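Heads up, the thing below is written out as structure tokens.
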There are 2 protein chains.
Amino acid sequence: MTTLAEVALRAGVTPATVSNVLRKRGKVGAATRQRVLDAVEFLGYRPHLTARALAEGSAPTLALMVTSIANPFYPEFALAAERAARKNGRFLIVCNTNEDPVISRAYLDQIAGTLSEGVLVMNSRIGFDDLHTTRARGTPVVLCMWERPDVSPGLPCVAVDFFAAGALAAQHLLDLGHTRIGAIIGSQPEGVQAARYAGFCHTLKAAGVAHPAQEARFTRDAVQGGYEAACELLTEHTDLTAIFATNDLPALGAMHAAADRGMRIPDDLSVIGITDIQLARESRPGLSTVAVPTDAAATMAVELLEALIESGGHCETPMRIAPEPVLVQRASTGRVRS
Amino acid sequence: MTTLAEVALRAGVTPATVSNVLRKRGKVGAATRQRVLDAVEFLGYRPHLTARALAEGSAPTLALMVTSIANPFYPEFALAAERAARKNGRFLIVCNTNEDPVISRAYLDQIAGTLSEGVLVMNSRIGFDDLHTTRARGTPVVLCMWERPDVSPGLPCVAVDFFAAGALAAQHLLDLGHTRIGAIIGSQPEGVQAARYAGFCHTLKAAGVAHPAQEARFTRDAVQGGYEAACELLTEHTDLTAIFATNDLPALGAMHAAADRGMRIPDDLSVIGITDIQLARESRPGLSTVAVPTDAAATMAVELLEALIESGGHCETPMRIAPEPVLVQRASTGRVRS
DNA sequence: CTGAAAGCGCTAACAA
DNA sequence: TTGTTAGCGCTTTCAG
């Protein structure tokens, strides 16, 4: 390993000078600079990021906490986040919490403020208390994809209007003439996806369309969860002409359930989800969905986190609002059959 | 931020002693230990990983280089790799190279040996030269999922017998009575997926089944690539009863192509892929495929990398062989229709 | 414009 | 059993 000192030696200067030319700080004579550069080149010197981090007091890394990177939604977010982080020379550490609060806490304890300068948290089971503790210790935390722009989580966050997303989905179904619409919610009633469902209900109600509680199912945010919920719904309420799911995964499950029952999509049943993950684009038929600005939100989250880092975390728990969700109509929704 | 020194002060000992009780190294009196622990507790002390890394000469992180974490195959691998790394207290930094050699090099230059102790590389466009350079500089590198157990890449690696995977897929199709089988290869003829195709060809040949070159297509390793290739194949060779794809993504694309042409799967066309990504399990019909031991390979790769790190990288470029691929029959393959 | 020196927080011999 | 003493490699005042 080549060190600064070795470069300095070879260039006939001191480490301080080498540091200066490398960081483009301070004034260095052209001749000296060239000698230094030559030495760097010759020795193949690469700065030791850990040493630099220690000296500077902060590491060039950000932590991204997700429940599991294998959840199809997160990789897209992670990719965008990493790209944004790289812009300012930062690296991304992924932390799979696996829904386990103990693991989450361990991550926060170990990483926050030492190995990483800041933490990005995806909607997850991580307790707000833990996050506040982390923050109190001086490490900025940003909640990514907060679902309710109208309510502050008490932590810096990037909010996406998921209420609007639910409303958009409902409106689309309404526009197609559906009035018997089942709902599959990928969380518990008061869970993280509640706002999406609220938006859906709100729109239905405003249109005077009934939506009895029995036509809704709360389940896991997964294909299988949606599958099971849809089976129940389609069995118990044979007059349903459409299914709204608060997320693409359960929506996909609903499509499978319909297919297994010999129903054609969208002729016999329309299905719509929320998010627009890659799978939605690549399923057959393509899943109509309300696209959420994943990339933009990731970029904004990183930028917000970086701003907090620069400013020492001192800011009025701001909320940045991501662009509005937009309807993406594919082949899984169609006009209701008379 | 609380430091070791502060803890020491409060416990009335020296930093060295605190370090000893925390690392469970050396002998420390029970009373002293307790006082230290109390102080740690009271002050909420957390070791500064960066400082530790610098002092120890190595960081508790591993880098995982992939072309894009959004490629559906990588997240599953990344998850397993992270789990394995965590076992020994290491963190995972994901590096999306985006197929760009410049980015890859930049990562290697910056991270290897400074921010991370070792590098995991997924099959990608990263030049072997760069990897050797990294290794020569003292940072262990492990190639994950090397496709040819019979040929050493000249770098430590975990190999998966993809030739066998291709052979297995072919045999399955043969067993079902297919003799007119199109092939879609998700890389160039000499590319990374060549071994899979070779295994396929080998088995067909051994069975005396003809497979003319016109019935193979080399394309991108993506759904769309497979879709386009399948369209060509099905148009030009209407007597094909099955399609083998070297990866699940193009296989899925082939299924879509068939569906778009009104062909039923598996009645009119059988389709099989390789890997068994989550999408394969969740597509309709479920994709028959040859499952590759992703988790095992990830774990082995991390273990190998850690072994190299411990040993200072001095070992005879060993190759660890992952478990054999296994056939997973789902609904996309069936007996050929007479 | 360049050098000298202190120190980031921790670990690791070696003493005591 | 505990303390002392050096650094790890880099940045950063502050002198010269």
Side-chain angles (χ1 to χ4, degrees), chain A residues 1-37 39-40 43-60 89 109-117 137-139, chain B residues 1-37 39-40 43-60 89 109-117 137-139:
Chain A
M1 231 220 97
T2 322
T3 69
L4 245 206
E6 299 178 281
V7 176
L9 198 65
R10 181 157 227 279
V13 296
T14 61
T17 303
V18 179
S19 178
N20 275 335
V21 354
L22 260 23
R23 309 309 299 283
K24 300 178 169 54
R25 294 265 225 309
K27 304 280 159 235
V28 181
T32 332
R33 133 168 289 111
Q34 194 50 54
R35 253 183 311 137
V36 168
L37 260 19
V40 164
L43 297 170
Y45 168 78
R46 299 286 178 279
H48 194 295
L49 264 29
T50 298
R52 178 178 288 177
L54 183 58
E56 289 184 331
S58 64
D109 267 2
Q110 293 195 50
I111 277 207
T114 72
L115 243 199
S116 85
E117 276 187 293
R137 288 213 187 97
T139 306
Chain B
M1 232 221 97
T2 324
T3 69
L4 244 206
E6 298 177 275
V7 176
L9 198 64
R10 182 156 223 281
V13 296
T14 61
T17 302
V18 179
S19 178
N20 275 335
V21 354
L22 260 25
R23 310 308 302 284
K24 299 177 170 45
R25 291 263 231 306
K27 303 287 158 222
V28 181
T32 331
R33 136 169 287 113
Q34 195 50 55
R35 255 185 307 139
V36 169
L37 259 19
V40 165
L43 297 170
Y45 168 78
R46 299 285 177 280
H48 195 296
L49 265 28
T50 298
R52 179 178 285 177
L54 184 57
E56 288 185 330
S58 64
D109 267 2
Q110 293 195 49
I111 275 208
T114 72
L115 244 199
S116 86
E117 276 188 293
R137 287 214 187 95
T139 306

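Quantities reported herein were computed from a predicted structural model and do not represent experimental measurements. Chain letters run A, B, ... following the sequence lines, proteins first, then strands; residues in each count from 1.
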Original post:
Between CG of A:Leu4 and OG1 of A:Thr17, what distance do you get to the nearest 0.5 Å?
Top reply: 10.0 Å

Original post:
OG1 of B:Thr139 to CG of B:Leu115: how many Å apart, nearest 0.5 Å?
Top reply: 11.5 Å

My understanding is that only residues two or more places apart in sequence, or in another chain, count here; which of them pass side chain to side chain contact (heavy atoms under 4.5 Å, CB included) with [X]?
{"X": "B:Ala16", "value": "B:Thr14"}
{"X": "B:Thr3", "value": "B:Ala5, B:Glu6"}
{"X": "B:Leu37", "value": "B:Val21, B:Leu22, B:Arg33, B:Gln34"}

Subject >> Nearest-nucleotide 5' precedence on DNA chain D, B:Ala31 against A:Tyr45 >> reply: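 Its nucleotide being nearer the 5' end, the pick is B:Ala31.
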
Round to the nearest Å and state the distance from [X] atom [atom1] to [N] atom [atom2].
{"X": "B:Arg33", "N": "D:dT1", "atom1": "CZ", "atom2": "P", "value": "10 Å"}
{"X": "A:Leu4", "N": "C:dG3", "atom1": "CG", "atom2": "C1'", "value": "14 Å"}
{"X": "A:Leu22", "N": "D:dC10", "atom1": "CG", "atom2": "C1'", "value": "11 Å"}
{"X": "B:Arg23", "N": "D:dT1", "atom1": "CZ", "atom2": "P", "value": "19 Å"}
{"X": "A:Leu115", "N": "C:dC10", "atom1": "CG", "atom2": "P", "value": "13 Å"}
{"X": "B:Met1", "N": "C:dC10", "atom1": "CE", "atom2": "C1'", "value": "10 Å"}
{"X": "B:Arg35", "N": "D:dT1", "atom1": "CZ", "atom2": "C1'", "value": "12 Å"}

**OP:** Work out how much the helix from C:dC1-D:dG16 to C:dA16-D:dT1 bends between its end axes, five pairs an end, to the nearest 10 degrees.
**Re:** 40°

For nucleotides 3-6 of chain D, give me every protein contact, N/O to N/O, under 3.5 Å, one pair per line with atom names.
unit_1, atom_1, unit_2, atom_2, d
D:dG3, OP2, B:Thr14, N, 3.2
D:dG3, OP2, B:Thr14, OG1, 3.4
D:dG3, OP2, B:Thr17, OG1, 2.9

Original post:
When we call it a touch if two heavy atoms are under 4.0 Å apart, what does A:Thr3 touch: a base, just sugar-phosphate, or nothing?
Top reply: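 Sugar-phosphate, backbone atoms only, no base.
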
Subject >> salt bridge (Lys or Arg N to Asp or Glu O under 4.0 Å) partners of B:Glu56, counting only residues at least two apart >> reply: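 Partners of B:Glu56 under the salt bridge (Lys or Arg N to Asp or Glu O under 4.0 Å) test: B:Arg23.
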
Subject >> Under the side-chain hydrogen bond (donor to acceptor under 3.5 Å, both in side chains) test, residues paired with A:Ser58 that sit two or more places apart >> reply: A:Glu117

Original post:
In residues 48-60 of chain B, what residues come within less than 4.0 Å of DNA chain D, judged by heavy atoms?
Top reply: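 DNA chain D contact set from residues 48-60 of chain B: B:Leu54, B:Ala55.
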
Donor-acceptor pairs under 3.5 Å, side chain of residues 46-55 of chain B to any protein atom, not counting sequence neighbours: which ones?
unit_1, atom_1, unit_2, atom_2, d
B:Arg46, NE, A:Asp109, OD1, 3.1
B:Arg46, NE, A:Asp109, OD2, 3.2
B:Arg46, NH1, B:Gly44, O, 3.4
B:His48, ND1, B:Thr50, N, 3.2
B:His48, ND1, B:Ala51, N, 3.2
B:Thr50, OG1, A:Thr114, O, 2.7

Original post:
Quick one: does A:Arg10's side chain have a donor or acceptor within less than 3.5 Å of a partner on A:Ala39's backbone?
Top reply: no

